[in-house]
Q: 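First the structure, which I've put down as structure tokens, then a few questions once you've had a look.
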Number of protein chains: 2
Amino acid sequence: MTATKVTLKDVAARAGVSYQTVSKVLNGEMQVAPETMERIQAAVQELGYRPNRIARNMRAGRSFMIGYSWTQTEPGQVNHILDQFLSSMVREAGVVGYYVLPFPFHEGKAQIETYRDLIRSGNVDGFVLSSVNYNDPRIQFLLKQKFPFVAFGRSNPDWDFAWVDIDGAAGTRQAVEYLIGRGHRRIAILAWPEDSRVGNDRLQGYLEAMQAAHIAPEPGYVLRGEGTFEVGRAMTLHLLDLPAERRPTAIMALNDTMAIGAMAAARERGVTIGTDLAIIGFDDAPMAQYLFPPLSSVRQPIAEAGRKCVELLVALVEGREPEPRHVLLQPSLIIRASS
Amino acid sequence: MTATKVTLKDVAARAGVSYQTVSKVLNGEMQVAPETMERIQAAVQELGYRPNRIARNMRAGRSFMIGYSWTQTEPGQVNHILDQFLSSMVREAGVVGYYVLPFPFHEGKAQIETYRDLIRSGNVDGFVLSSVNYNDPRIQFLLKQKFPFVAFGRSNPDWDFAWVDIDGAAGTRQAVEYLIGRGHRRIAILAWPEDSRVGNDRLQGYLEAMQAAHIAPEPGYVLRGEGTFEVGRAMTLHLLDLPAERRPTAIMALNDTMAIGAMAAARERGVTIGTDLAIIGFDDAPMAQYLFPPLSSVRQPIAEAGRKCVELLVALVEGREPEPRHVLLQPSLIIRASS
DNA sequence: ATGATAAAGGCGAACGTTCGCCTAGAAAGA
DNA sequence: TCTTTCTAGGCGAACGTTCGCCTTTATCAT
């Protein structure tokens, strides 16, 4: 039916005014006689006019697009984050007249080239970065280019840029405090390699909680490795094979996948989870509640983070100083039968 | 540094030709003297020129964007599909010069309005639909508008449109055949409500496999309900509480969430999964391998589906007839300890 | 009556491309 | 020598907006 695109000129012709007038009226930039107003609105309705976004962007000299790219998880890993994070960004962006543009993730040098190309071709007005780590080359590049971006996650402390993050230390601290409150003293932590900023943050919360409770940190209780099921399982087997007086009574894992590995190890050693050994994970993966026993975990306000990223970025893009420039969101501890 | 946008005119000025000539040379639509060619290429390099995508689209009268929207899962549900599906679409689209535009999902009448707006504003050249079901209003609308789209999933048989789907019946059939091969005769299925096209497809595979093995379909073995943990658990409790001679020895669930509910029920009744009761799920959720015991499941080639959707859609958008017009991908059975 | 002011709306230009047609000069054929 | 045919490249126009400035007519105070 209305197959052909309807433009300002079509509306103008029908309303009997110039097309520029229609534009101004629709944008509320002009006073017109009430009857003219009505004629224009009627024409818009009848023809089903919508401003052409491309032409509008062309004129505006920008794209009203937010670039976003994510590291695809290996098969077998979950990205339960993406759905919530992206959905909330898309929604929030829509409210303020933007869209989110997902683009392919590339490793290595090609990655920066991708960002450069998107900037040069005018494809995006700004970026949201995720999977941020120390010395992130994207941050380095975008700072140098003075191109607007918001990082979901922190990086080097001496770099100044807008970020949104979840307070990983607070999450772990809360969990460990809970364990201490339940009488645990021998609490081990399954941590990540030292080059992980997120891992170090979360580990920090453990150290703080232990110190606050005046529990001397047993050196062998901080284990580091990749955050996989296998690593979590192996670490836990090692812990459970310690002599009885040094064997931990609780294990904090920096993500649920490791926690599930820990659960498998406990099962193998005939240790009852929840009574003999408390286990708490991090992320509150959707499956956590269905495990046996259901896994306690630290839940992150992902949707809120997505909203905030967009909010800060749009401010930057439009030349306003975002207030505040850094957002640290609080996770919450979800207690289930595993602890 | 190169903060200001560099345009064709900048390149042209530096190369000493008209900007239209630069355009044609870069698009390979014109023969020029080798030295001119070199000068142009040098200028492009030195200035870091990239064609402005908005202007290009403006001229082309289209957006080179593929609209995509998905139903956000309730908290507690997993969307492990999204990561793979979207990533593969984005990648494939990039290869052929398109981007994927995610837009907010709306329920009810507002949904069609969203699609209509995207079309009228020239925001997208076509759509990929997911979560398709019978009588899908989006399909109805887009067919009437003659606007290009590809559905990931089938709908009413008498509607003619391009789709990509995963052969759910084949997946279930394979799984049930496997169970029969292992000697099971009393096989129950945790199915979905009758208004689910996907659910009916998958159920069909069960019926076919049973019939092919000449196993009379026990009426009480086909249970229907929402695909949640709780429903799966309740159905399984019911099955396990049947008198011994009618109690099933195997359960096929139409998704992993129900299968996990079934596992919980078995545990509650002291039934050993894998020996006393075989359980097979569907989807091969990332967690399936880490459950206890690891859950057998039907894995779907999601990334391949995403690629195919884009491939078909781009053909439609560019006026070619996609060949073939329907793609039915085969899932594969992953056997683990639960069966 | 006269000039100032406001209200209502018109008009040209520009954003950065691509497309189609045109032209100047050189080479080639008659 | 004159016409034709290439070759290399130029030029105007258009896509659909928005923006700034201008014009016309009516209104008002002096």
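Sequence lines set the chain letters: A, B, ... in the order given, protein chains first and strands last, and positions in each chain run from 1.
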Q: Looking at every strand, decide which applies to A/Thr7 at a 4.0 Å heavy-atom threshold: base, sugar-phosphate, or nothing.
A: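 Sugar-phosphate: the residue A/Thr7, judged by heavy atoms under 4.0 Å, touches backbone atoms but no base.
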Q: Which of these nucleotides, D/dC11, C/dG10, C/dT18, is closest to any side-chain atom of B/Ser18?
A: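 So the side chain of B/Ser18 is nearest to D/dC11.
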Q: Give the ring-plane orientation class for B/Tyr115 versus B/Phe127, where under 30° counts as parallel, over 60° as perpendicular and anything between as tilted.
A: tilted
Q: Between A/Tyr19 (OH) and D/dC15 (C1'), how many Å, whole number?
A: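 Computing the A/Tyr19:OH to D/dC15:C1' distance gives 12 Å.
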Q: Between D/dT17, C/dG16, C/dA8, spot the one nearest the side chain of A/Ala33, thanks.
A: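 Nearest to the side-chain atoms of A/Ala33, counting from C-beta on, is C/dA8.
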Q: Could you give the CG-to-C1' distance, from B/Asn27 to C/dC19, as a whole number of Å?
A: 11 Å
Q: Out of C/dT17, C/dC11, D/dT17, which nucleotide sits closest to the side chain of A/Gln20?
A: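 In terms of side-chain proximity for A/Gln20, the closest of C/dT17, C/dC11, D/dT17 is C/dC11.
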Q: Can you check the A/Asn52 CG to C/dC15 P distance for me, whole Å?
A: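 Between P of C/dC15 and CG of A/Asn52: 19 Å.
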Q: Any side-chain hydrogen bond (donor to acceptor under 3.5 Å, both in side chains) involving residues 54-64 of chain B? Give me the pairs, sequence neighbours left out, ordered by first then second residue.
A: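 For residues 54-64 of chain B, and leaving out neighbouring residues, the side-chain hydrogen bond (donor to acceptor under 3.5 Å, both in side chains) pairs sorted by first residue read B/Arg62-B/Tyr98, B/Arg62-B/Asp125, B/Ser63-B/Asp125.
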Q: Between B/Arg307 and B/Glu311, does at least one N-O distance fall below 4.0 Å, as a salt bridge requires?
A: no
Q: Using the closest heavy atom to pick a nucleotide of DNA chain D for each, name whichever of B/Met37 or A/Glu29 lands nearer the 5' end.
A: B/Met37
Q: May I have the distance from B/Gln31 (atom CD) to D/dT5 (atom P), rounded to whole angstrom?
A: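 The answer, rounded to whole Å, is 20 Å.
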Q: For residues 54-62 of chain A, which residues have at least one heavy atom under 4.0 Å from DNA chain D?
A: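 Contacts with DNA chain D under 4.0 Å: A/Ala55, A/Arg56, A/Met58, A/Arg59.
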Q: Does a side-chain N or O from B/Ser23 land closer than 4.0 Å to OP1 or OP2 of C/dT17, or not?
A: no
Q: Among C/dG9, D/dT18, C/dG20, which nucleotide has an atom closest to any side-chain atom of A/Thr36?
A: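 For A/Thr36, the side-chain atoms sit closest to C/dG9.
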